[in-house]
Amino acid sequence: MKVTVGKSGVHGEVFAPPSKSYTHRAIAIAGLSKDSIIHRPLLSADTQSTIRACEMFGAYIEKEGEDLLISGVEGTPEVPEDVIDVANSGTTLRFMTAISALTEGTTVLTGDNSIRSRPNDPLLRVLTDLGVDAYSTRNNGCAPIVVNGGLKGAIVKIDGSISSQFISALLLACPLTKNSTTLSIKGELKSKPYIDVTLDVIEKAGVEILVEDHNNPKFIIPGNQSYNLEEYTVPGDFSSASYLLAAAAMTNSHVTVKNLFPSMQGDIAIINILKEMGANIYWDMEAGTATVNGGELHGITMDAGATPDLVPTVAVLGAMAKGETIINNAEHVRYKETDRLHAMAVELEKMGIFCKEEKDSLTIRGGEFTGAEVHGWHDHRIVMALTLAGMVAGDTIIDTAESIFISYPNFFDAMRSIGADVVLSEQ
Ligand SMILES: O=C(O)C1=C[C@@H](OP(=O)(O)O)[C@@H](O)[C@H](O)C1
Ligand SMILES: C=C(OP(=O)(O)O)C(=O)O
């Protein structure tokens, strides 16, 4: 599918979709609980992967209106009768790799070609230290992955520099083992706010994990616990909202985004990033509304260590801003659906924007740029970010536009509802 984007601004109000990260956690934990109801979950391709995986472990999941009713496996997942295919969802792959270690048999997990190129070695190594036979079929740390159950507690260390999802996955599974686990981190912990999201939902499900030294965290995870999520409402997604807010900042127009209440999401940082770049933005935390009224943008330096998913949004903001925008501490952004540092550099240069790509950074020089035919790399965040650039330059065609179904299925409808000139075609 392609989207043609014309020069346009935004005006009016729009709701942020539910958080993908919170939805994954709520479904996975409900799947390990007894009976739960989840209000306002995000139903997207990625979260459908988590639903399917939980059903394969024996949970019963039914949609009722806007809610999900989940009868979980009460801590003992069944051995799946088939391979678990997570499609494009890295979160699902990591979480379900750890949860499969709780079964009495063997689970095979795979995904699409993007998933089968993403790293999992640190998780597989630590699962082995925790008594599980877990390996990559091609011995390269990538899916397909085979997990022979038998998770035991132990004192283990894990590399935190590639993905926080490995740690979140262990935090989800280890409370259900017989004995306790102590998990500490080797190297810098990237994407740390996502671990806070995990701990937030785990706590709401009645499971206790002690965190020593939040700056260099050690997780003390008592065994023999059980999840009881009961009822949970998913908050709005700040990563998805970043496109709505940036659209108004980049086109000097106006938007109010609703359903944006405080939570543990690291991508709440988009509020301060836009403010620092010169956007006129106000976040009413009580009302859960964030309003942008244009602004004169200038370049900033952004440390992407905690907020990798904002990188495509900040890259296109930088294309608009006066001066240079430097995105650093960003090597882990290369291990997403695509290598997003490289993808954004290649596509923005097609629009006439100077970009300098280095190992763990991307520098964007703001200035005039033109519409172009660009590639979306089958990556939802690349497609959504390039849509904003197209709204500034006009005459832009982006391919693989269907990838927005990964995290924001009605993105183009939402953008059109506030005035964006976006037209989809099946070409
Ligand atoms: O735990 C999560 O929900 C996520 C963690 C992040 O990945 P890494 O921890 O691999 O950076 C982020 O990029 C992803 O979109 C969602
Ligand atoms: C990388 C992402 O998600 P996942 O790791 O779950 O594929 C994302 O949503 O940008």
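Whatever order the structure lists ligands and atoms in, that order sets their numbers, starting from 1.
When only non-hydrogen protein atoms are considered, atom 1 (C) of ligand 2 lies nearest to E337 OE1, 3.0 Å. The shortest contact between atom 15 (O) of ligand 1 and any protein heavy atom is with D309 OD2, 2.5 Å. Among all non-hydrogen protein atoms, the one lying nearest atom 16 (C) of ligand 1 is Q165 NE2, 3.6 Å. Atom 1 (O) of ligand 1 has its closest protein heavy atom at R25 NH2, 2.6 Å. Closest protein heavy atom to atom 4 (P) of ligand 2: G90 N, 3.6 Å. Nearest protein heavy-atom contact of atom 3 (O) of ligand 1 is S21 OG, 2.7 Å.
Taking only non-hydrogen atoms, the option from K20, H24, H380 nearest to atom 3 (O) of ligand 2 is K20. For the residues H332, R118, R381, K336, the heavy atom positioned nearest atom 8 (C) of ligand 2 is part of R381.
Note that the CD atom of E55 and the CD1 atom of I70 stand 9.0 Å from one another [nearest 0.5 Å]. I84 CD1 to T110 OG1: the interatomic distance, rounded to the nearest 0.5 Å, is 11.0 Å. Remark: L32 CG to I27 CD1 distance equals 12.0 Å, nearest 0.5 Å.
The two residues N88 and I115 make their nearest non-hydrogen contact at C-CG1, 3.7 Å. In plain terms, the two heavy atoms of S242 and L310 that are nearest each other are CB-CD2, 3.7 Å.
Geometrically, ligand 1 and H332 share no nitrogen or oxygen pair separated by less than 3.5 Å. Remark: ligand 2 and R94 share no N or O pair separated by less than 3.5 Å (distance only, no angle test).
Contact annotation: for K336 versus ligand 1, heavy atoms closer than 4.0 Å belong to the side chain alone. The backbone and the side chain of S163 each have at least one atom closer than 4.0 Å to an atom of ligand 1 (non-hydrogen atoms only). Counting heavy atoms closer than 4.0 Å to ligand 2, residue T91 contributes atoms from both its backbone and its side chain. The proximity of K190 to ligand 1, defined as any non-hydrogen pair under 4.0 Å, does not occur for either the backbone or the side chain. With a 4.0 Å cut-off on non-hydrogen atoms, I406 does not touch ligand 2 at all. For S164, heavy-atom contacts with ligand 1 shorter than 4.0 Å involve the backbone as well as the side chain.
For ligand 2, the atoms sitting less than 4.0 Å from at least one non-hydrogen atom of D309 are 8 (C), 9 (O), 10 (O), numbered in the order shown with element in parentheses. Each of the following atoms of ligand 2 lies closer than 4.0 Å to a heavy atom of N88: 7 (O). Counting atoms of ligand 2 from 1 in the listed order, those under 4.0 Å from a heavy atom of Q165 are 4 (P), 5 (O), 6 (O).
Within the structure, the closest approach of P308 to ligand 1 falls below 4.0 Å when heavy atoms are considered.
N228 places no side-chain N or O within donor-acceptor distance of the main-chain N or O of A205, the cut-off being under 3.5 Å.
Contact check on D200 versus K204 returns a salt bridge, with a Lys/Arg side-chain nitrogen under 4.0 Å from an Asp/Glu carboxylate oxygen. Salt bridge absent: D379 and K336 never bring a charged side-chain N and a carboxylate O closer than 4.0 Å. Contact check on E331 versus R334 returns no salt bridge, with no Lys/Arg side-chain nitrogen under 4.0 Å from an Asp/Glu carboxylate oxygen.
Between S21 and F238, the closest side-chain pair of non-hydrogen atoms is not below 4.5 Å.
The aromatic rings of Y22 and Y232 lie parallel to each other, their planes meeting at an angle below 30°, with 60° marking the opposite boundary.
A side chain to side chain donor-acceptor pair (under 3.5 Å) with H380 holds for exactly one of S407, S403, S240, S44; it is S407.
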